Asker: 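One structure follows; several queries about it will come next.
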Number of protein chains: 2
Amino acid sequence: MPPSPARWRERGLQELSLRELAREVGVSHGAPRRHFPDRQALLDALAEAGFARLGAELRRAVDGAGEGFEARLQAAAAAYVRFATRDAALLELMFAGKHREASGKLHEASNRAFAVLLELIEQGQAEGALEPGPPERVGLVLFATIQGIAALVTGGMVRADQLDELVADAIAHFLRGSRAPA
Amino acid sequence: MPPSPARWRERGLQELSLRELAREVGVSHGAPRRHFPDRQALLDALAEAGFARLGAELRRAVDGAGEGFEARLQAAAAAYVRFATRDAALLELMFAGKHREASGKLHEASNRAFAVLLELIEQGQAEGALEPGPPERVGLVLFATIQGIAALVTGGMVRADQLDELVADAIAHFLRGSRAPA
DNA sequence: ACCTGAACACCGTTCAAGT
DNA sequence: ACCTGAACACCGTTCAAGT
């Protein structure tokens with residue numbers, strides 16, 4: 001029995017088969033080659049679409065969370081982790097793409113998605129909740145933490161229903177460590 | 001040209017081929033089946049060995065860092081991230097194994113490796129550097145951060161030479177957030 | 001311009017047969 | 001007990017041929 005389409009979402013976009021895809025669309029196995037020169041090109045296109053969707057979800061979360069920095073940060077982190085756990089295979093693909101010298105268009109798509117987070121960091125700095133400095137650098141530990149939480153969930157070390165609480169804990173912990181030790 | 005064995009280490013243990021492996025060892029392609037019933041069994045065995053090595057490296061790092069909690073924590077975090085970036089493909093395999101209901105032996109191996117970190121958390125709690133509570137829970141955000149940093153490096157978003165500084169920053173930040181707000 | 005379908009070199013897995 | 005090698009059903013990729 002071939003892996004159902006749903007299996008690709010939850011775990012293992014790597015094992016997506018071009019031939020099976022073509023079969024499902026009802027076209028010959030050579031046809032996709034006209035649109036995607038090779039298998040990797042298809043995966044890159046999926047990753048690019050993934051970044052666009054991630055960016056849109058982050059934007060929506062931030063915009064819907066009011067004006068306060070902390071609420072916006074919580075919302076963004078929750079949205080990111082939700083995306084990461086719902087589409088773990090896709091996120092893996094998106095990161096793997098960056099790793100092997102992102103194809104340019106892929107890199108742009110990624111930058112657009114992360115722009116939302118950088119704006120958020122800048123707001124936090126303006127409000128004095130985060131230390132000053134280049135936003136990319138200041139946000140790095142924060143982003144690593146969020147990404148790591150997502151990894152714990154997709155890795156099965158944390159149950160999905162503990163997710164929101166863990167994210168809230170992590171954000172609160174992070175902000176506590178960011179306050180000037182005045 | 002077949003992927004060289006070195007390629008498996010750095011990126012993509014998933015694409016390890018049983019047939020190629022057998023060819024390199026100079027044995028027929030059916031032979032490995034006697035030792036590993038299927039491909040996943042081989043990957044599980046590799047993951048199990050990976051946990052054993054990770055545990056040993058963590059133990060060595062902690063033991064070689066003196067008695068102080070903070071120095072030990074820094075050493076353990078650095079060792080973990082070093083392992084994660086040097087053998088990214090192996091770590092991915094180790095986590096993927098946990099995800100699909102670890103085969104028992106794999107779970108045990110993982111627990112042995114992480115026992116080093118739990119002991120460390122307990123020391124931190126005893127010294128008052130970390131909040132009280134179940135070590136598994138207290139260490140979760142910390143572990144997520146370390147794991148996330150490793151992901152940033154293997155994902156190419158942070159250069160390897162920035163790694164040590166980033167880890168030190170993250171640990172310092174975390175400990176600052178852990179102090180009682182007295 | 002786009003699709004088809006045979007062909008090639010690879011897989012993992014199964015299994016009868018050898019020693 | 002362990003290995004061999006043919007067989008089966010799958011891949012990705014290439015390419016001449018069709019419309």
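Reckoned from all heavy atoms, side chains included, excluding hydrogens, waters and symmetry mates. All figures in this text were calculated on a predicted structure; none of them were measured in a lab. In what follows, every chain begins at residue 1, and chains take the letters A, B, ... in the order their sequences are listed.
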Asker: Nearest whole Å is fine: how far is dC10(D) P from Glu15(A) CD?
Answerer: 15 Å

Asker: Taking protein heavy atoms under 4.0 Å as touching, what does nucleotides 2-8 of chain C look like 5' to 3' if B marks base contact, S marks sugar-phosphate-only contact and - marks none?
Answerer: -BBBBB-

Asker: When Watson-Crick pairs (N1 to N3 and N6-O4 or O6-N4) and G-U wobble pairs (N1-O2 and O6-N3) count only below 3.5 Å on both distances, what is the dot-bracket string of DNA chain C, with | for other-strand pairs?
Answerer: ||.|||||...|||||.||

Asker: Taking atom C1' of dG12(C) as reference, at what distance in whole Å does atom CD of Gln40(B) sit?
Answerer: 13 Å

Asker: Which is true for Leu42(A) with a 4.0 Å heavy-atom rule: it touches a base, it touches only sugar-phosphate, or it touches nothing?
Answerer: nothing

Asker: Looking at residues at least two apart in the chain, or sitting in another chain, which of them share a side-chain hydrogen bond (donor to acceptor under 3.5 Å, both in side chains) with Arg82(B)?
Answerer: none

Asker: Can you confirm whether the side chains of Thr145(A) and Thr145(B) place a donor and an acceptor under 3.5 Å from each other?
Answerer: yes

Asker: With sequence neighbours excluded, what pairs up with Asp169(B) under the side-chain hydrogen bond (donor to acceptor under 3.5 Å, both in side chains) test?
Answerer: Arg137(A)

Asker: Using atom CD of Glu20(A) as one end and atom P of dC11(C) as the other, report the distance to the nearest whole Å.
Answerer: 21 Å

Asker: ring-ring contact (aromatic ring centres under 6.0 Å, His included) with Phe143(B): which residues, sequence neighbours excluded?
Answerer: Tyr80(B), Phe114(B)

Asker: In whole Å, what is the span from the CZ atom of Phe36(A) to the C1' atom of dT13(D)?
Answerer: 16 Å

Asker: Can you run down the ring-ring contact (aromatic ring centres under 6.0 Å, His included) pairs that involve residues 21-44 of chain A, sequence neighbours left out, and say none if there aren't any?
Answerer: none

Asker: Please identify each residue that fulfils side-chain hydrogen bond (donor to acceptor under 3.5 Å, both in side chains) with Glu108(A), with sequence neighbours left out.
Answerer: none

Asker: Between atom CZ in Arg39(A) and atom C1' in dT13(D), what is the gap in whole Å?
Answerer: 12 Å

Asker: Can you list everything that forms a side-chain hydrogen bond (donor to acceptor under 3.5 Å, both in side chains) with Glu70(A)? Sequence neighbours excluded, please.
Answerer: none

Asker: Does the side chain to side chain contact (heavy atoms under 4.5 Å, CB included) test come out yes or no for Asp164(B) and Val81(B), once each step is laid out?
Answerer: CA-CA 9 Å; Asp164(B) 287 352; Val81(B) 174; over 6 Å; no

Asker: Report the distance from atom CG of Leu18(B) to atom P of dT13(C), rounded to the nearest whole Å.
Answerer: 6 Å

Asker: Can you name the salt bridge (charged side-chain N to carboxylate O under 4.0 Å, His left out) partners of Glu122(A), sequence neighbours left out?
Answerer: none

Asker: At less than 4.0 Å, is any side-chain N or O atom of Ser17(A) found next to OP1 or OP2 of dG12(D)? Yes or no.
Answerer: yes

Asker: Rounding to a whole Å, what distance do you find between Leu16(B):CG and dC10(C):P?
Answerer: 16 Å

